[in-house]
Amino acid sequence: MMRKKRNVFVLIIVSLLIFLGSFFVVKNVPFQDEISAATGDVFVEQPIPLQETFRLFDMGVVDANGDNLLDIYTSNHNFRQTLLIADGRGGYRDVLDDWGLNQSKEFPGLELSYIAPNIDKAGLYIYWLGSGGDDETGHNVIIRAHNMGEIGQWQGTFQSQAAVEMEKNNGFQVEWQKSSTKSGTVVSFSAASDGVLVLKLNNWGVPIDFNLKGAIQPSSIFVGNQIVSPSSTSFSLAHQDRHGLAWADYNEDGRLDIFATRGGLGGWLKQNPEHVRNRIKDQFLVSQDNGRYRDVASEKGVVKENCSGRNVKWVDFNNDGLLDLYINCQDRGKVEGEFPKQLYRQNVGGQFVMAAAEAGLDIPDHQLIDFVWIDADNDMDTDLLTSEDKGYFLYRNQAGYFSPEFIGRGKFARADKPGLKYVAGYYWSYDGKLTVADYDGDGDLDAFSASKKGNTLLINTKGKFSPVDPETVGLPAKSVGANWVDYNNDGLIDMHVVPEGLFRQSKDHKFNATNLLTFPSRKYQAAISNWADLDNNGARDVVFALNENPSFWSWWEKIFKAPEDVSKWTILAYRNVGATNHWLQMKLVGLPGNRQAIGAQVTVVTPDGEQTQEVGSNEGAFFSQGHYRLYFGLGSHSKADSITIRWPDGFSQELTDMKGDELLLIERDSKT
């Protein structure tokens, strides 16, 4: 009774303090509404099925099934990801299971979760359960025995190269065997009836091998949240942590295929024995006739080679008409040795060959934060623009060989703080992505790099980039994330930054704050935003993923926070209802080998001037690639005077007097 009274008293005091504390929230934003953005009459919040997710690594937009409706995908490390397919009526359906795109083909639902599976049948349940926080060791393997007396006598072994600790044991007989380096840790276990065994691994991306013997049958073993039974009593489980997803129609069936970088293992991949490293692989998921996907990475020549892969993008770097792959292999500072980047050249027949060194792009002594492929100097081949720990570089393409040119550095360079290299959990969130647009209308693609330590505007003048303080043109000095977007279709590229909101460009190429889509300052440590016409009405909408910074939580907020809130991302979507100007959008269809026309440039001319975009320049994802639609605001003009398309092979096509307010599907003529 005394405990109940004390709890009631504490609750009353806490409630009173929260009420009083709400008056002191930053910018007088009510505590319960802090997540909302300022929208005015321009944006309306649009509910989507995904409202929150955990351990998000990326979020992007893609037309995955080729129906000209833009879909939404996520990449979530070892947690369950999402692929939301649009139905054209404002709704979405998650097809991750239907398309067979789970982390594990054999065990859908294997992914980490903060919710345990339903335990209702006699048998052995094996699943991962998050214990909270964003620490890579903050999750456990659960082995739960339920009514095993009905099964008969049995025993099992758990073997992993990871270091294993027993967090909890209730009802199990356990024997530990610290074996050789080759076999790692072996745990023998059994339970007569009910029991729970909780094991903590220092690296839960490496494979775990189970071998069960005795009376137990596969039908009495349930793996993951979807309680899937294995095909035998000996099986292996592995997450291999997905990161970047690069989408392109490799087999030309109208659906986009996916290259997924995996197996960073927190930067420890290279330290594992060879027999473990050989089991850690990237995935190349190619669509099949049955609507599902098959991994063809190994048969097509993709080799992991210790690459702690993050960013991945398709590019035709040698202008042979076939898409190649570039992967950023990041050095986390945990293992000695070099971390060369990977460039897979696609050959006729669809095989891939490593070509990074011969192209000058292995650059093992360069630490990439982000990169974009653009034709920086308009010489009809693609160059590599990078944000690195030491500053900004342009790798200029000279007949298939890339020569580095140092552009300069912004207000902050990550190399100034070497300790950041060791911070695995928040490693990438210290700096934002590069976003690209010809914002000043001179025909050259410019770039903007967002960072909480200092933003940088990179102005391109005939192929030469110059770092500029963004405050000189009216843009914020620091931001969590950024995207170029013509949100009102007036033909001038505006800037959206988190948390400061939308900045509208004027004709003198200066920017003014609109106070639209602003969020509370000092709240978020990371943000991903994708601007895309999700309802095909001509106005670009936006989807946000926002991760709060725990160090900014007020004391009264911490009382109500769960441990997993550290790794939680809130998803918000807003429809653009305020853009009333005319517009044109384009989907280009290229020749076989590059159906998405990646690298094509389009210039639209109206009485107000010229606008130039490159396919892929509207990408909002951080590690991934898949948003290939082009967007042009026409302002008060109902048509475009001319549209000039420079296809990736150099062929030029011109269209005149093109009616506006349409999504144009333009196919490259294969006869010319």
Side-chain angles (χ1 to χ4, degrees), residues 246 248 311-328 341-348 352-363 366 368 370-388 392-407 434 436-438 442-447 458-466 588-603 610 612-619 625 628 630 644-654 666 668-670 672:
N311 313 47
V312 56
K313 289 181 174 64
W314 292 101
V315 60
D316 181 7
F317 80 96
N318 55 358
N319 289 341
D320 65 353
L322 299 174
L323 287 178
D324 315 297
L325 274 167
Y326 192 61
I327 303 173
N328 178 21
K341 317 307 179 278
Q342 295 184 333
L343 175 63
Y344 286 103
R345 182 184 66 238
Q346 184 180 173
N347 292 336
V348 175
F352 291 88
V353 178
M354 187 64 68
E358 66 185 67
L361 289 178
D362 55 336
I363 49 176
H366 286 243
L368 304 190
D370 193 19
F371 65 87
V372 291
W373 290 97
I374 57 172
D375 185 0
D377 46 15
N378 289 323
D379 63 351
M380 294 193 297
D381 56 24
T382 189
D383 310 295
L384 183 68
L385 176 65
T386 66
S387 168
E388 305 186 11
Y392 303 99
F393 287 79
L394 178 67
Y395 296 82
R396 201 178 297 275
N397 190 343
Q398 299 172 323
Y401 186 84
F402 293 80
S403 301
E405 299 176 8
F406 179 64
I407 296 172
L434 289 166
V436 174
D438 178 19
D442 65 354
D444 300 321
L445 293 174
D446 312 294
L458 299 171
I459 296 181
N460 183 0
T461 305
K462 297 182 179 180
K464 181 177 176 58
F465 285 93
S466 301
L588 303 188
V589 181
L591 295 174
N594 183 5
R595 284 297 191 187
Q596 279 58 61
I598 295 171
Q601 275 198 4
V602 176
T603 299
E610 297 184 359
T612 299
Q613 293 185 29
E614 188 167 309
V615 174
S617 62
N618 289 309
E619 189 63 68
Q625 175 197 39
Y628 302 123
L630 301 180
T644 302
I645 305 171
R646 194 194 73 190
W647 293 92
D649 63 345
F651 174 72
S652 182
Q653 180 177 351
E654 185 170 355
I666 304 175
R668 164 73 161 85
D669 187 351
S670 61
T672 56

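For the residue pair Lys341 and Leu361, the shortest heavy atom distance occurs at CB-O, 3.5 Å. Closest of all the heavy-atom pairs between Asn594 and Pro648 is ND2-CG, 3.7 Å. Heavy atoms only, all atoms of each residue included: Leu394 and Ala376 are closest at CD1-CB, 4.0 Å. Residues Gly650 and Met380 share a closest heavy-atom pair of CA-SD, 4.0 Å. When all heavy atoms of Asp375 and Asp377 are compared, the closest pair comes out as OD1-OD1, 3.1 Å. Here the closest heavy-atom approach between residue Ala597 and residue Trp647 is recorded as CB-CZ3, 3.9 Å.
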With side chain to side chain contact (heavy atoms under 4.5 Å, CB included) as the test, would you mind laying out the steps for Leu630 and Val615 before giving the verdict?
-> CA-CA 7 Å; Leu630 301 180; Val615 174; 4.2 Å; yes
Check against side chain to side chain contact (heavy atoms under 4.5 Å, CB included), Asp316 and Thr382 | CA-CA 8 Å; Asp316 181 7; Thr382 189; over 6 Å; no
Report the C-alpha distance between Asp370 and Asn311 in whole Å, list the side-chain angles of each, state the deciding distance to 0.1 Å, and finish with yes or no for side chain to side chain contact (heavy atoms under 4.5 Å, CB included).
-> CA-CA 7 Å; Asp370 193 19; Asn311 313 47; 3.1 Å; yes
Should Arg595 and Val589 be marked as a side chain to side chain contact (heavy atoms under 4.5 Å, CB included) after you check the CA-CA gap, both sets of side-chain angles, and the distance that decides it?
-> CA-CA 5 Å; Arg595 284 297 191 187; Val589 181; 4.3 Å; yes
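Taking CG of Leu385 as the start and CD of Glu405 as the end, the distance is 11.0 Å to the nearest 0.5 Å. If you take CG on Leu588 and CD on Gln653, they are separated by 9.0 Å, rounding to the nearest 0.5 Å. Here CG of Asn347 is found 8.5 Å from CG of Asp324. Values are rounded to the nearest 0.5 Å. The line from OG of Ser652 to CD of Glu654 is 7.0 Å long, rounded to the nearest 0.5 Å. Here the CE-CZ distance, from Met354 to Arg345, works out to 11.0 Å after rounding to the nearest 0.5 Å. Between the CD atom in Gln398 and the OG atom in Ser403 there is a gap of 4.0 Å [rounded to 0.5 Å].
Qualifying side-chain hydrogen bond (donor to acceptor under 3.5 Å, both in side chains) partners for Asp444, counting only residues two or more places apart in sequence or in other chains: Asn378. In terms of the side-chain hydrogen bond (donor to acceptor under 3.5 Å, both in side chains) criterion, Asn397 has no residue partners (sequence neighbours excluded). The side-chain hydrogen bond (donor to acceptor under 3.5 Å, both in side chains) check on Asp438 picks up nothing, with sequence neighbours excluded. By the ring-ring contact (aromatic ring centres under 6.0 Å, His included) test, Phe352 is found to be paired with Phe284, residues two or more places apart in sequence or in another chain being considered. Evaluation of the side-chain hydrogen bond (donor to acceptor under 3.5 Å, both in side chains) rule for Tyr628 yields no partner, not counting sequence neighbours. Not counting sequence neighbours, the partners of Phe406 by the ring-ring contact (aromatic ring centres under 6.0 Å, His included) test are Phe393.
Within the 3.5 Å criterion, the main-chain N or O of Leu323 finds a donor-acceptor partner in the side chain of Gln346. Side chain of Asn460 to backbone of Leu445: a donor-acceptor contact under 3.5 angstrom is found.
For the 3.5 Å distance criterion, the side chains of Thr603 and Thr612 qualify, holding a donor opposite an acceptor. With no hydrogens or angles considered, no side-chain donor-acceptor pair links Gln625 and Trp314 at under 3.5 Å. If you check the side chains of Asn618 and Gln613, you find a donor sitting under 3.5 Å from an acceptor.
Between Lys462 and Asp442, none of the side-chain N atoms (NZ, or NE/NH1/NH2) sits under 4.0 Å from a carboxylate O, so this pair counts as no salt bridge.
Counting heavy atoms from C-beta outward, Asp649 and Leu591 have side chains that approach closer than 4.5 Å. Side-chain contact between Lys313 and Trp373 is present, with heavy atoms from C-beta onward closer than 4.5 Å. Counting heavy atoms from C-beta on, the side chains of Asp446 and Leu458 never come closer than 4.5 Å. Side-chain contact between Asp383 and Phe317: absent, with no pair of heavy atoms (C-beta onward) separated by less than 4.5 Å. Counting only heavy atoms from C-beta outward, the side chains of Thr386 and Ile363 never approach each other to under 4.5 Å.
Aromatic ring centres of Tyr326 and Tyr344: separated by at least 6.0 Å.
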